[in-house]
Protein chains: 2
Amino acid sequence: MKQEKKKIFQEYAAARGLKSTRQRDIILDSFLSTDRHLSIEELYLQLREKHPGIGYATVYRTLKLFAESGIAREIHFGDGQTRYEHQAEGEHHDHLVCTRCGAIVEFENEAIEKLQDEIAAGYGFLIKNHKLELYGLCAKCRK
Amino acid sequence: MKQEKKKIFQEYAAARGLKSTRQRDIILDSFLSTDRHLSIEELYLQLREKHPGIGYATVYRTLKLFAESGIAREIHFGDGQTRYEHQAEGEHHDHLVCTRCGAIVEFENEAIEKLQDEIAAGYGFLIKNHKLELYGLCAKCRK
DNA sequence: GGGTATATTGAAAGTCACTTTCAACTAGCG
DNA sequence: CGCTAGTTGAAAGTGACTTTCAATATACCC
């Protein structure tokens, strides 16, 4: 899985004439090794611990490349930061976000997707993608 | 409807010890007179035409007050701008957004809301609110 | 391997969309 | 009216990216 995404990115890079660099490899490994929904800043800080030389701009640019290549996806939860999550071909999921502790749970629901398509069709829309986020308290924070 | 929201805001202002000012009245009227999903900037520019003296900061602060009072709601469509839409007590709707022309259609769907609650319950979450946005091409842009 | 044309990098400067500050104004009350 | 606390507008400040640019690294070609 991890190797597969690595390969997808490398192929994308090759096709675009991009070079393989030490920094990109480090960031790619780091990104693929965590399955949290990291913001650029979080990934940057995490990277700095092992690799002090890497700059914020590089992390930012590289994450963007990941998104373009299809192995990552940008997400916004309204906290003002851009986060990146792993993304696989044709896969999609939505989020449950705990507004107290920030916990994020992913879920998929075909029935909802189907209803969405029906609604869109009713208005003549052709849906390209959607965003569904449920905000509230997770089991732990409800206590 | 418009008068009702005006009243709600005035009561909210009174309860908070806020003063009634010329600027706030103008912004309130302007906001209530349009039913588009205006960004702060759009409302500001629209206002400036009739009332050149009003500053951006005032529009920004006033819109925030509207949201606090419950007559408006902030929305984010990922274009980097904060928009405000009218909001009525206990009412909720979601959006269809055309990614080409920016058209926005509002819709409500109880079946989806119900499914959302079920999903949340399954993860032990207590949902406070949610956001559902469908992005694609509107009937006109599909041609 | 050395020489080159390109792509990358990191630091710093620049953007954008708010947010806050502050001195000069009002409202509203007595 | 005279005060006191809330408001305003211009400008400075923030936060989170984005872009610029001179210095480096890579990937090729010989």
Side-chain angles (χ1 to χ4, degrees), chain A residues 9-31 37-69 72-84 102, chain B residues 9-31 37-69 72-84 102:
Chain A
F9 179 68
Q10 279 157 3
E11 276 168 13
Y12 172 80
R16 286 257 320 247
L18 304 180
K19 290 172 178 169
S20 147
T21 69
R22 190 176 52 84
Q23 288 90 333
R24 286 224 261 256
D25 289 347
I26 291 172
I27 297 172
L28 181 55
D29 271 334
S30 199
F31 174 70
H37 298 70
L38 292 176
S39 65
I40 301 174
E41 173 113 28
E42 287 167 344
L43 186 55
Y44 170 66
L45 292 176
Q46 185 177 305
L47 273 169
R48 298 282 300 195
E49 290 175 21
K50 291 262 182 192
H51 311 277
I54 294 184
Y56 178 94
T58 302
V59 176
Y60 153 77
R61 283 183 290 228
T62 306
L63 247 16
K64 252 194 156 178
L65 275 182
F66 291 171
E68 284 166 25
S69 77
R73 167 203 288 274
E74 276 191 16
I75 42 179
H76 298 270
F77 287 140
D79 61 352
Q81 296 214 176
T82 299
R83 285 158 197 291
Y84 285 86
Chain B
F9 179 66
Q10 278 156 4
E11 277 168 13
Y12 172 81
R16 285 259 318 247
L18 305 179
K19 290 173 179 168
S20 148
T21 69
R22 191 176 53 84
Q23 288 89 335
R24 286 224 261 256
D25 289 346
I26 291 172
I27 298 173
L28 182 54
D29 272 334
S30 200
F31 174 69
H37 298 70
L38 292 175
S39 65
I40 302 175
E41 174 114 27
E42 287 166 344
L43 185 55
Y44 170 66
L45 291 176
Q46 184 177 306
L47 272 169
R48 298 281 300 193
E49 288 175 21
K50 291 262 180 190
H51 312 276
I54 294 183
Y56 178 93
T58 301
V59 176
Y60 151 76
R61 282 184 289 227
T62 305
L63 248 15
K64 252 195 156 179
L65 276 183
F66 291 171
E68 284 167 25
S69 77
R73 168 203 289 273
E74 275 190 16
I75 43 180
H76 298 270
F77 287 139
D79 61 352
Q81 295 213 179
T82 299
R83 285 158 198 290
Y84 286 86

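A, B, ... follow the sequence lines: proteins, then strands. Residue 1 opens every chain.
- Regarding His51(B), its NE2 atom lies at a distance of 16 Å from the C1' atom of dT8(D), rounded to whole Å.
- Atom OH of Tyr84(B) is separated from atom CD of Glu74(B) by 3.5 Å, given to the nearest 0.5 angstrom.
- Rounded to the nearest 0.5 Å, atoms CZ (Arg22(B)) and NE2 (His51(B)) are 8.0 Å apart.
- Here the closest non-hydrogen pair linking Arg48(B) and Ile54(B) is NH1-O, 2.8 Å.
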- Item | Derivation of the side-chain contact (heavy atoms from CB on, under 4.5 Å) call for Ile26(A) and Lys50(A) | CA-CA 10 Å; Ile26(A) 291 172; Lys50(A) 291 262 182 192; over 6 Å; no
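- Applying the ring pair (Phe, Tyr, Trp, His ring centres under 6.0 Å) criterion to Tyr44(A), with sequence neighbours excluded, gives Tyr56(A).
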- Verdict with supporting geometry, Thr62(A) and Gln23(A), side-chain contact (heavy atoms from CB on, under 4.5 Å): CA-CA 9 Å; Thr62(A) 306; Gln23(A) 288 90 333; over 6 Å; no
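- Classified by interplanar angle (parallel below 30°, tilted 30° to 60°, perpendicular above 60°), the ring pair Phe31(B)/Phe66(B) is tilted.
- If you take CD1 of Ile27(A) and C1' of dG10(C), they are 12 Å apart, rounded to a whole angstrom.
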- Note on the structure: Readout for nucleotides 15-22 of chain C: B = base within 4.0 Å of protein heavy atom, S = sugar-phosphate only, - = neither; 5' to 3' it is --SSBBB-
- Query: What string of B, S and - do you get for nucleotides 24-30 of chain D, 5' to 3', if B is base contact, S is sugar-phosphate-only contact and - is no contact with any protein heavy atom under 4.0 Å?
  - Reply: -BBS---
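- The shortest heavy-atom contact between Arg83(A) and Glu42(A) is NH1-OE1, 3.6 Å.
- Across the protein-nucleic acid pair, Arg16(B) atom CZ and dA5(D) atom P stand 17 Å apart, rounded to whole Å.
- Nucleotide dG28(C) holds its P atom 11 Å from the CD atom of Gln10(B), rounded to whole Å.
- Summarising the geometry, the separation between CZ on Arg24(B) and P on dG28(C) is reported as 10 Å, rounded to the nearest angstrom.
- Between the CG atom of Leu47(B) and the C1' atom of dG9(D) there is a distance of 14 Å, given to the nearest Å.
- If you take CG of Asp25(B) and P of dG6(D), they are 19 Å apart, rounded to a whole angstrom.
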